[in-house]
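What follows is a short report on a single structure.
For clarity, every value in this text was computed on a predicted model and none was experimentally measured. All residue numbers in this chain count up from 1 along the given sequence. Order of appearance sets the numbers: ligands from 1, and atoms from 1 within every ligand. Note that these values count all heavy atoms, side chains included, but never hydrogens, waters or copies made by symmetry.
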Amino acid sequence: MTLYCENIPYSHLAEEFGTPLYAYSQAALNEAFDGYTQAFAALNPLICYAVKANGNLSIIKHFAALGSGFDIVSGGELARVLAAGGDAAKTIFSGVGKSEAEIEFALNAGVKCFNMESLPEIDRIQAIAARLDKTAPVSLRVNPDVDPKTHPYISTGLKANKFGIAYADALAAYRYAAQQPNLKIVGIDCHIGSQLTDLSPLVEACERILILVDHLAAEGIFLQHLDLGGGVGIVYRDENVPDLKSYADAVQKLIGSRNLKLVLEPGRSLVGNAGTLLTKVEFVKKGEEKNFVMVDAAMNDLMRPALYAAYHHIEAVEQKNTAPFTADVVGPICETGDFLGKDRELACEAGDLLLIRSAGAYGASMASNYNARNRAAEVLVNGSEAKLIRQRETLEQQMANELDCL
Ligand SMILES: *Cc1c(COP(=O)(O)O)cnc(C)c1O
């Protein structure tokens with residue numbers, strides 16, 4: 001038995017494009033996006049795909065064609081959205097450290113909203129908008145202080161996190177923003193963390209944000225939209241993940257008759273399980289204590305195992321009759337942290353292909369050149385067609401910006 005990406009055997013993808021290779025299923029992207037639009041149909045939300053999960057221009061373009069807006073966290077991501085034909089008017093600018101140049105770029109591009117994360121940012125956006133004689137549409141990212149029960153590195157909505165304005169300070173911050181002549185308050189935002197496996201923190205955050213919405217309305221500060229961020233988890237192994245319909249029903253009930261447009265910023269849950277990292281076994285090294293399967297992908301291609309001890313399912317492309325053995329799947333980088341999976345049962349030998357599953361989100365977008373490795377190629381598979389959407393990097397490209405100063 002051999003494994004396929006849609007209608008194409010992974011072995012064909014490896015032959016044509018080489019390894020390591022990111023392969024994305026277009027059908028899986030569509031299914032994930034439809035999952036949101038169907039579950040939330042009654043609320044007709046604006047779905048703003050979080051570009052940082054996977055910023056490939058073709059992926060952005062594909063989501064734009066499905067009607068998606070975008071959540072960006074840098075000027076670079078805005079440039080990507082615009083280059084891919086995404087709509088600035090459906091683009092939300094999040095992030096704790098927006099530079100003056102980024103704010104000016106986004107104001108000129110006409111983004112839908114700046115999610116402001118601190119008082120000094122309010123001053124900065126006001127000053128730039130005044131200088132450009134523009135009005136900046138803004139909302140405040142409020143930190144609802146609910147525990148998302150996820151990995152500490154990807155929880156963002158606790159008091160101890162750098163993100164957002166503290167819940168207790170939010171009303172005062174809104175009053176302050178409302179006094180700024182070049183800001184127009186259009187919404188409120190929260191994003192409490194990523195890879196959330198429980199629905200309750202998401203619902204609790206919504207509840208707490210709506211209390212603020214009502215306080216603001218009582219003071220004459222009326223909002224057009226409620227942005228609940230992203231964070232919905234996916235199955236990497238055997239996790240329970242929030243059911244989107246239950247999430248939508250809970251949010252609809254909480255919003256009730258309030259006249260608020262819902263905005264969502266999903267990243268991982270739109271692309272994570274649509275992508276696989278295809279890699280080739282270089283060596284199998286059997287030892288007294290441990291066995292190692294050395295592959296040609298590494299932590300520079302997929303950083304999540306090294307960064308968060310994240311689990312990715314790994315399986316052989318061709319099922320074999322040989323006996324499986326337990327091994328760590330590791331890359332060639334000179335770091336003990338360079339592993340893709342630990343203690344996995346695999347039947348494979350040198351030359352075989354392995355799939356590292358659920359690699360569509362925070363995979364290619366976090367890739368680096370560590371150990372002077374070229375970044376992997378990416379393909380988008382649609383039925384029987386595979387389109388190269390990112391060429392494998394070359395050493396010339398890697399070295400192009402370095403100057404000879406000797
Ligand atoms: C990262 C991020 C998202 C997307 O999070 P996922 O967990 O990938 O859905 C959404 N909004 C903001 C502000 C983010 O930083």
Side-chain angles (χ1 to χ4, degrees), residues 29 32-33 35-36 39-40 45-56 59-60 63 68-74 76-78 80-81 90-98 102 106 111-118 121 138-144 148-158 161-165 187-199 201-202 205-206 209 225-236 239 241-242 244 247 262-275 303-304 307-308 310 358-366:
L29 295 176
F33 192 81
Y36 271 93
F40 284 89
L46 176 63
I47 295 169
C48 292
Y49 166 60
V51 171
K52 77 174 186 287
N54 188 322
N56 185 290
I59 301 279
I60 294 174
F63 281 122
S68 186
F70 299 95
D71 173 66
I72 56 164
V73 292
S74 70
E77 287 188 354
L78 176 56
R80 283 184 170 275
V81 167
K90 287 192 200 169
T91 299
I92 302 256
F93 195 173
S94 303
V96 282
K98 302 175 192 78
E102 287 175 320
V111 296
K112 178 180 173 64
C113 184
F114 290 86
N115 286 345
M116 305 189 294
E117 303 211 18
S118 64
E121 188 184 343
V138 296
S139 77
L140 290 184
R141 174 170 176 178
V142 176
N143 187 337
K149 304 185 184 99
T150 187
H151 190 283
Y153 283 15
I154 46 179
S155 93
T156 56
L158 288 166
N161 294 133
K162 70 176 175 180
F163 300 98
I165 290 176
I188 191 162
D189 165 65
C190 69
H191 170 73
I192 60 172
S194 200
Q195 183 54 14
L196 307 190
T197 51
D198 266 16
L199 182 57
L202 288 164
C206 177
I209 295 294
H225 76 244
L226 165 68
D227 179 348
L228 294 178
V232 171
I234 62 168
V235 177
Y236 284 98
E239 301 88 341
V241 292
L244 290 181
Y247 184 19
L262 180 66
V263 177
L264 297 168
E265 304 169 349
R268 187 190 312 272
S269 50
L270 289 180
V271 292
N273 275 329
M303 197 183 186
R304 299 189 67 260
L307 186 61
Y308 321 117
S358 311
Y362 307 106
S365 64
M366 280 190 180

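The existence of a salt bridge linking Glu77 and Lys52 is excluded, since no basic side-chain nitrogen approaches an acidic carboxylate oxygen closer than 4.0 Å.
Looking only at protein heavy atoms, the nearest one to atom 5 (O) of ligand 1 is His191 CE1, 3.3 Å. Scanning the protein heavy atoms around atom 8 (O) of ligand 1, the nearest turns out to be Tyr362 OH, 2.6 Å. Ranking protein heavy atoms by distance to atom 14 (C) of ligand 1, first place goes to Lys52 NZ, 2.8 Å. Ranking the protein heavy atoms by distance from atom 7 (O) of ligand 1 puts Ser194 OG, 2.3 Å first.
Between Phe40 and Tyr247, the ring centre distance stays below 6.0 Å.
In this structure, a donor-acceptor pair under 3.5 Å is present between the side chains of Asn115 and Ser139. If you check the side chains of Arg141 and Ser94, you find no donor sitting under 3.5 Å from an acceptor.
To the nearest 0.5 Å, the span separating CG on Leu78 from CD1 on Ile72 amounts to 4.0 Å. One distance of note links CG of Leu228 with CG of Asp189; it measures 8.5 Å at 0.5 Å rounding.
Atoms of ligand 1 found under 4.0 Å from any heavy atom of Arg141, numbered from 1 in the order shown, are 13 (C). Ligand-side atoms of ligand 1 in range of Arg268: 6 (P), 8 (O), 9 (O), range being under 4.0 angstrom from any heavy atom. Contact atoms of ligand 1 toward Gly267: 4 (C), 6 (P), 8 (O), 9 (O) (distance under 4.0 Å to a heavy atom of the residue). Of all atoms in ligand 1, listed by their number and element, those nearer than 4.0 Å to a heavy atom of Ser94 are 13 (C). Heavy-atom proximity to Gly230, at under 4.0 Å, picks out these atoms of ligand 1: 9 (O), 10 (C). Per-residue contacts place Pro266 under 4.0 angstrom from the following atoms of ligand 1 (heavy atoms of the residue considered): 9 (O).
If you look at Glu265 next to ligand 1, the close heavy atoms, those under 4.0 Å, come from the backbone and the side chain alike.
Between Phe163 and Glu117, the shortest heavy-atom contact is CA-OE1, 3.6 Å. Heavy-atom minimum distance, Pro144 versus Ile192: CG-CG2, 3.5 Å.
Under the 4.0 angstrom criterion for non-hydrogen atoms, Ala53 is not in contact with ligand 1.
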